[in-house]
Each structure stands twice: as C-alpha cells, then as structure tokens.
Amino acid sequence: MTLAAQIKLAAEDALKHLFPNVDLSTAAITVNQTKPEFKGDYTLVLFPFVKLLRQKPDELGKIIGNYLLEKTELFSAFDIVSGFLNLTIRDTCWVSFLLNHFNDAHYGEKSKHDKRIMVEYSSPNTNKPLHFGHLRNNFLGYAMAEILKANGNQVVKANLVNDRGIHICKSMIAWQRYAQGDTPARTGIKGDHLVGDYYVKFNDAYKAEVEQLVAEGMDKDTAEKEAPIMKDAQDMLRKWEMGDSDVRSLWAMMNGWVYDGFDKTYARLGIDFDKVYHESETYLLGKDIVKEGLRKGVLYQKEDGSMWVDLTEEGLDQKLLLRGDGTSVYMTQDLGTAKLKYNDYKLDQSIYVIADEQNYHMQVLKLILKKLGEPCADGIYHLSYGMVELPSGRMKSREGTVVDADDMIDEMVGLAKTQTEEAGKTEGFSADELSKLYDTIGLGALKFYLLRVDPKKKMIFDPKESIDLHGFTATFIQYAHARICSILRKEGCPLQPDSTKFQSFSLKREILPAEKKLAHALEQYPDVLEDAAKEYNPSLLCNYSFQLAQLFNSFYDEHSISKAENEEKKHLRLMLIVMTAQVLRHAMHLLGIRLPEKM
RNA sequence: GGUCCGGUAGCUCAGUUGGAUAGAGCAUCAGCCUUCUAAGCUGAGGGUCAUUGGUUCGAAUCCAAUCCGGAUCACCA
C-alpha cells in the first residue's frame with residue numbers, strides 16, 4: 001500500500017476514535033502531497049470536518065496531529081497552516097521503503113487476475129503504407145496493452161486487417177494497367193509502398209478520366225460514376241466476392257507484398273500482436289445477429305427488405321444494418337466481429353483503439369449490441385484518440401500530403417545520429433552499438449512525442465520542425481538513465497543488485513530534501529501505473545517519468561554519489577538511483593521505449 | 001440542427017473524487033563544466049485558466065448559458 005493510502009486509513013481511524021459520536025462518512029478525507037513551500041510531506045485537508053465537528057481548524061489539526069503522531073509509526077512531526085494539517089513522514093519510513101523495493105524489477109505491478117481484455121489496434125488497410133497518424137494508433141494500442149498487463153490483466157493484442165473492399169481493388173486495377181509486372185523484388189521498393197504507389201496512380205488516372213468525360217460534355221456526377229477505371233474496380237470487387245480465381249490470386253499476391261512491408265515496419269517499431277483478424281474472413285459475419293434481432297422485434301424491416309435499428313429514443317438516428325439485397329454494411333460486420341472476438345477469448349473487456357472520427361460509429365455499435373442483448377456489449381470500450389494533423393490540415397493519401405511512417409522513422413534515427421555526433425558522444429562505441437543507440441534514441445523520441453499528450457486531444461505536427469531531443473522528451477529520460485548507469489559502473493554496483501546489497505544499512509543522519517524528493521516520487525509510481533490503466537492514458541507515464549528524471553538531475557547536480565559525505569550517504573544514494581533507473585526502465589518499457597546504459 | 005470532444009503563458013502541453021500564491025517543456029534573457037556524462041543544472045520575465053452567471057469555507061476543476069475550433073450524423077469503409 002502506498003503512503004498516501006496508509007495516511008488516509010490512519011486519518012480515518014483517528015477521526016473515528018477521536019469523535020466516535022459524529023458520522024463523518026459524508027466528509028471526504030483528502031490527502032495531498034504537501035506543496036514545496038511548506039514543511040511536511042503529506043497534507044490532510046481539515047475543512048471538510050470543521051463544520052461537522054464544530055471545531056476551529058487549528059485545534060482540530062492539533063488533536064488529529066497528536067493522535068497520529070502517538071498511534072502510528074508513520075510521522076515524525078506535524079504542522080498546521082490555515083486549515084491544512086501538514087504531516088512529516090519519519091525518515092525511517094523512507095528507508096524501509098527503499099530497502100523493500102530498490103531491486104524489485106516488478107515494482108508497481110499488480111498481481112495477476114482473471115480479467116481478460118482484448119486491445120485492438122493498428123488495423124491497417126492493405127492498399128497503402130502506414131503514415132504518421134497510424135503511428136499514434138500503434139503506440140497507443142501497444143502501450144495500453146502493456147499497461148493493462150502490468151496491472152494484472154490477461155491481455156490479447158489484436159490487429160484487424162482491412163484487406164478487402166473497393167479501395168484494395170483500386171490498387172489492383174492500377175497495378176494491372178500500369179505496372180507491367182513490376183514487383184517489390186524487381187523494383188527494390190518495399191511492398192506496402194509499391195502497392196500504395198498504385199493506389200495513388202489509380203486516383204490520378206481516375207481524375208483524368210473524369211475530366212475527359214466532363215470535357216466531352218458529361219456532367220460531373222455521371223462522369224464520376226461512369227469513368228472506366230472506376231467501373232473496372234467495381235467489377236473487380238464483384239469478381240472478388242464471387243471468388244474469381246484470377247482476381248483472388250492477384251489479391252493474395254499484392255496483399256502479400258503489403259504484409260511483408262508491414263512486418264518490417266512493425267519489427268522496427270517493436271509492435272506485436274497475439275491475434276490477427278482479416279476482414280476478408282469476417283466481412284460476412286453479423287447477418288445472423290441482424291436477422292435474429294428482427295425476429296426478436298428489436299429491429300424493423302422496410303418494404304424493400306432492408307433492415308434497420310431505430311435509435312431515436314437514445315437521441316441518435318436510424319441506422320441501416322442490412323441492405324435490401326441482403327448485403328451487409330460496415331456496421332453489420334462490426335457487430336459480427338465483436339461477437340466473434342468475445343467468443344474466441346471469453347472477453348471481459350474489448351478495447352478498440354480508433355480515431356475520434358469514429359466516435360459516433362462506436363457509440364452506435366455498442367448501443368445496438370446492447371439492444372440485441374449480446375453479452376459482449378458491456379465490455380466494449382472505445383479508446384478514442386485525436387487525429388494527427390499537419391499545419392495545412394488533415395493528411396490525405398490521395399493528395400500526397402501524408403507523412404510516411406517509414407520516412408519518419410528514418411528521419412528520427414538520422415536526427416539522433418547527427419545530434420550525437422555534434423555533441424561528440426560517439427567515443428567508445430562500436431559501429432554496431434552506435435547504430436543501435438541511434439535507433440533507441442530516434443524511436444524513443446518518436447514514441448514519446450506521440451504518447452506524451454492526452455490521447456483524446458488532437459495534435460498538429462509540423463514536418464518542418466523536427467521532433468526535439470531536449471526538454472520533455474524520451475532523450476531526457478534516457479540521458480538520466482545513462483548517467484545513473486555510468487555512476488553504477490564506476491561504483492561496481494550492478495543495475496539490479498542483490499537484495500542483500502544494502503542489508504547492513506542503518507540510518508543515522510537526516511535525509512536531505514533532494515534525497516527525500518526522489519524517494520517520495522518513487523513511492524508514487526504504483527499509483528501512477530494504476531491510474532494509467534484506469535484512465536486508459538499512457539501519457540501519465542510520460543509525465544511521471546519526466547518528473548522523476550528531472551528530480552534525479554537536480555539531485556545529481558546537488559549531491560555526489562561517488563564522493564558522498566560518508567558510507568551511509570553513499571549507500572542511501574545508491575539505493576535511490578538504482579531504484580530510479582529501475583522505475584524509469586519499467587515505465588518506459590511499457591511504452592516500448594528502450595533506455596541505453598551509455599549515450 | 002442533433003450528438004460528442006476540445007479552448008490554461010508567445011508556442012506545445014500538465015493540472016483526475018473541488019484545496020494553499022495555477023505548473024512543466026520550447027522560445028527569450030542571466031548564471032553554472034579542473035569535480036559521478038552540460039542531451040544537464042540554477043534563476044528571471046511571461047496568465048482575465050474562452051466569456052458570463054451559479055453552487056460554497058474554497059472553483060482551472062462541478063452546474064447553466066453563451067462564444068470559438070474540431071469530429072460525426074451515408075444503402076462509404
């Protein structure tokens with residue numbers, strides 16, 4: 001249990017004993033961290049009790065403070081400042097905390113339990129390579145899955161690949177028409193990029209055909225429907241659905257190229273999955289659920305045979321679920337897939353990492369499943385995140401304004417290289433070590449940049465301004481870690497020492513403010529990790545880790561570890577920095593960010 | 001028009017069951033390397049927390065209204 005939680009309990013106990021006749025259940029007990037300008041470590045707010053107990057804040061504080069000092073082992077002093085009871089934690093508490101946890105590689109984690117959670121993320125289309133916006137999705141999903149795991153859940157990382165549909169046929173048609181048999185192997189172009197190039201080519205050709213038809217006197221709407229290349233694509237989609245073997249083998253070949261490309265990108269990013277679903281295998285699902293809903297009378301049918309759900313009572317609209325000809329729409333297959341996932345893994349919760357443009361869709365999805373009485377409905381949670389935009393607006397692959405993910409990675413790794421070289425920090429590294437280091441720094445910076453803000457906020461990225469490696473960045477945290485490792489190397493202290501390493505430690509002198517601040521921050525990590533899961537927000541780990549690194553840097557500047565005043569101080573500080581490095585590594589690991597031992 | 005999300009320093013953002021004088025980073029300015037890695041540290045300036053009202057001991061935080069920005073409301077995916 002964290003100190004804050006212990007203090008809360010102690011305060012509750014104190015109030016119960018001191019005022020047995022007063023019901024204080026309505027008055028919330030708030031324990032905060034004491035502001036730095038006041039003496040103390042934790043603060044109990046007295047105002048809520050003042051009225052109920054008809055006591056002056058100062059007197060009440062004195063009574064509670066004295067009780068806590070006497071009855072618990074937690075505090076060494078207290079101080080009352082205008083309605084706030086500031087409590088000072090006993091130095092020995094900090095020391096026993098450090099002794100208990102300094103080498104615990106799983107510090108902050110919760111013990112395993114049975115809750116099964118699926119996190120679906122990435123979910124790319126197989127007609128183009130990943131862009132910068134997809135990176136936010138991938139990093140968020142991966143981090144969220146890892147955070148939930150660390151909180152004891154059984155987690156399935158899932159990827160639902162959008163591998164069929166008209167957009168896929170567009171790339172295929174353009175390739176047939178223009179590629180003259182080019183392949184990734186022959187051109188040396190990464191498979192997803194090659195296919196993406198033909199998707200762009202389709203749109204160029206389509207645009208030209210529409211213009212030509214308009215020039216010949218056709219109106220624009222008709223021209224957009226009549227353009228031969230578009231008709232070809234639609235024709236191809238029909239053939240695909242009928243299982244035409246030529247179309248299917250072209251489709252399999254081109255998707256194969258894309259998967260090769262994606263695999264490389266995923267490997268580079270350190271992104272992985274436990275289960276991959278393909279829409280080509282799930283797009284027919286959901287029809288049964290809809291028909292069943294009609295039988296139950298939850299849905300209704302129009303004269304043309306189409307099936308609908310009426311959500312006007314919920315403040316939403318009517319939604320089509322099955323066309324008159326019996327074919328499904330997007331929502332239909334999502335209903336089916338939700339049920340499929342649930343049945344595959346007996347999920348307690350199913351998290352969808354999807355951009356906020358689909359908020360409405362996800363709201364409707366959950367609502368329909370609920371109306372249909374499907375048990376998977378309650379567990380559905382949409383982890384909605386804001387889109388990444390350029391200063392000029394949204395990225396559009398058709399207009400070629402996208403920032404490509406592979407390019408972005410290369411750029412960041414390149415930036416890491418130049419900055420390392422400029423700082424003259426390449427000595428003592430082999431070429432292999434250097435290239436690994438640049439990956440660590442470049443990818444770390446990229447991940448941190450996309451994870452450090454609240455997911456639901458949209459972000460604007462200006463490609464002209466490179467991502468910073470100073471300040472609130474992964475680099476800052478990596479640097480603090482490398483500094484700690486450097487000290488430990490010189491001291492002959494392992495990164496994860498044996499638990500007996502500081503067995504003989506006993507505290508004789510007062511803990512100094514900078515030392516206490518670090519211990520204080522370390523003590524709060526379990527709460528932060530729990531909050532990140534509860535709020536589905538990895539950025540909390542970014543904020544916390546940055547603060548911890550900042551505290552370490554100040555500490556490092558103020559006190560020497562190697563040349564500490566005496567052995568006692570040296571041991572105390574070694575414990576502090578060993579644990580700081582440990583917690584930083586743990587938090588960053590959950591985000592997929594590596595921390596180097598040298599940089 | 002309906003629903004949802006956002007508006008905090010010049011810029012990017014923290015601020016989570018309502019708590020003390022609203023905090024970081026970047027940028028600007030002034031200091032700090034003979035001493036464990038200066039990718040760092042210390043300090044300064046910079047605020048009508050979109051606006052107005054309400055709730056109360058106390059509001060950036062809760063409520064109401066208004067303004068601004070965005071998303072969405074397809075027999076598209």
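All chains are named by letter (A, B, ...) in the order of the sequence lines, taking the proteins before the strands, and each is independently numbered beginning at 1. What you see is a predicted model, and the numbers here were worked out from it, not measured in a lab.
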Spacing of [X] atom [atom1] relative to [N] atom [atom2], expressed in whole Å:
X	N	atom1	atom2	answer
A:Arg136	B:C13	CZ	C1'	12 Å
A:Leu321	B:A74	CG	P	13 Å
A:Leu322	B:C76	CG	P	13 Å
A:Leu46	B:A20	CG	P	14 Å
A:Asp462	B:C13	CG	P	13 Å
A:Asn127	B:C76	CG	C1'	14 Å
A:Asn203	B:C76	CG	P	18 Å
A:Ile80	B:G19	CD1	C1'	17 Å

Under a 4.0 Å N-O cut-off, is there an ion pair linking [X] with [Y]?
X	Y	result
A:Glu565	A:Lys570	no
A:Lys598	A:Glu433	no
A:Lys417	A:Glu421	yes
A:Asp454	A:Lys456	yes

Under-3.5 Å donor-acceptor pair between [X] side chain and [N] base:
X	N	answer
A:Asn86	B:A20	yes
A:Lys425	B:U37	yes
A:Ser539	B:A14	no

Which nucleotide, in any strand shown, forms a Watson-Crick or G-U wobble pair with [N], with both distances under 3.5 Å?
N	answer
B:U56	none
B:U42	B:A30
B:C13	B:G23
B:U3	B:A71

* Can you check whether A:His559's main-chain N or O pairs, donor with acceptor, with A:Arg573's side chain at less than 3.5 Å? -> no
Contact list (N/O, under 3.5 angstrom) for nucleotides 1-8 of chain B vs protein:
| residue | atom | partner | partner atom | Å |
| --- | --- | --- | --- | --- |
| B:G7 | OP1 | A:Lys457 | NZ | 3.3 |

May I ask you to say what [X] touches in the nucleic acid, namely base, sugar-phosphate or nothing, with a heavy-atom cut-off under 4.0 Å?
X	value
A:Asn162	sugar-phosphate
A:Asp325	nothing
A:Met387	nothing
A:Lys8	base

* **Atom NZ of A:Lys39: over 12 foreign heavy atoms under 6.0 Å** => yes
* **Exceeds 12 heavy-atom contacts within 6.0 angstrom, atom NZ of A:Lys366** =>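 Enclosed: over 12 neighbouring heavy atoms sit under 6.0 Å from NZ of A:Lys366.
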I'd like the [atom1] distance from [M] over to [N], given in whole Å.
N	M	atom1	answer
B:G46	B:C11	C1'	12 Å
B:A39	B:C33	C1'	14 Å
B:A14	B:U8	P	11 Å
B:U52	B:C68	C1'	15 Å
B:A60	B:A20	P	9 Å
B:A27	B:U12	P	15 Å
B:U37	B:C49	C1'	39 Å
B:G45	B:G40	P	23 Å

[options]: which one has an atom nearest the side-chain heavy atoms of [X]?
X	options	value
A:Val453	B:A77, B:C13, B:A39	B:C13
A:Glu279	B:A77, B:A39, B:A20	B:A77
A:Phe47	B:A77, B:C57, B:C75	B:C57
A:Arg394	B:A38, B:A71, B:G19	B:A71
A:Tyr479	B:C41, B:A77, B:A39	B:A39

* To do: Determine, for nucleotides 21-36 of chain B in 5'-to-3' order, which nucleotides have protein heavy atoms under 4.0 Å from the base (write B), from only the sugar-phosphate (write S), or from neither (write -).
  => ---SSS--------SB
* Asked: Is B:C33 in the syn range, within 90° of 0, or in the anti range?
  -> syn
* **A:Phe546 and A:Phe448 aromatic centres sub-6.0 Å** =>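 No, they do not, as the ring centres are separated by 6.0 Å or more.
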* Quick one: are the ring centres of A:Phe202 and A:His167 less than 6.0 Å apart? ->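 Ring-ring flag for A:Phe202/A:His167: false, centres at least 6.0 Å apart.
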* **Residues A:Asn255 and A:Thr126: side-chain donor-acceptor under 3.5 angstrom** => yes
* **Short side-chain donor-acceptor distance under 3.5 Å, A:Tyr385 and A:Asn137** =>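 Present: a donor and an acceptor within the cut-off.
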* Validate the cation-pi geometry between A:Lys319 and A:Trp308: distance from NZ or CZ to the six-membered ring centre under 6.0 Å, angle to the ring axis within 45°. => no
* Asked: Does OP1 or OP2 of B:A77 have a side-chain N or O of A:Tyr330 closer than 4.0 Å?
  -> no
* To do: Using heavy atoms to find the nearest nucleotide of RNA chain B for A:His167 and A:Pro455 separately, return the residue whose nucleotide is more 5′.
  =>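 First, find each residue's nearest nucleotide; the 5'-ward one identifies A:Pro455.
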* 5'-most contact on RNA chain B: A:Asp454 or A:Ser554, nearest heavy atom basis? -> A:Asp454
* To do: Pick out which of A:Gln478, A:His481, A:Lys425 makes a side chain to side chain contact (heavy atoms under 4.5 Å, CB included) with A:Met599.
  => A:Gln478
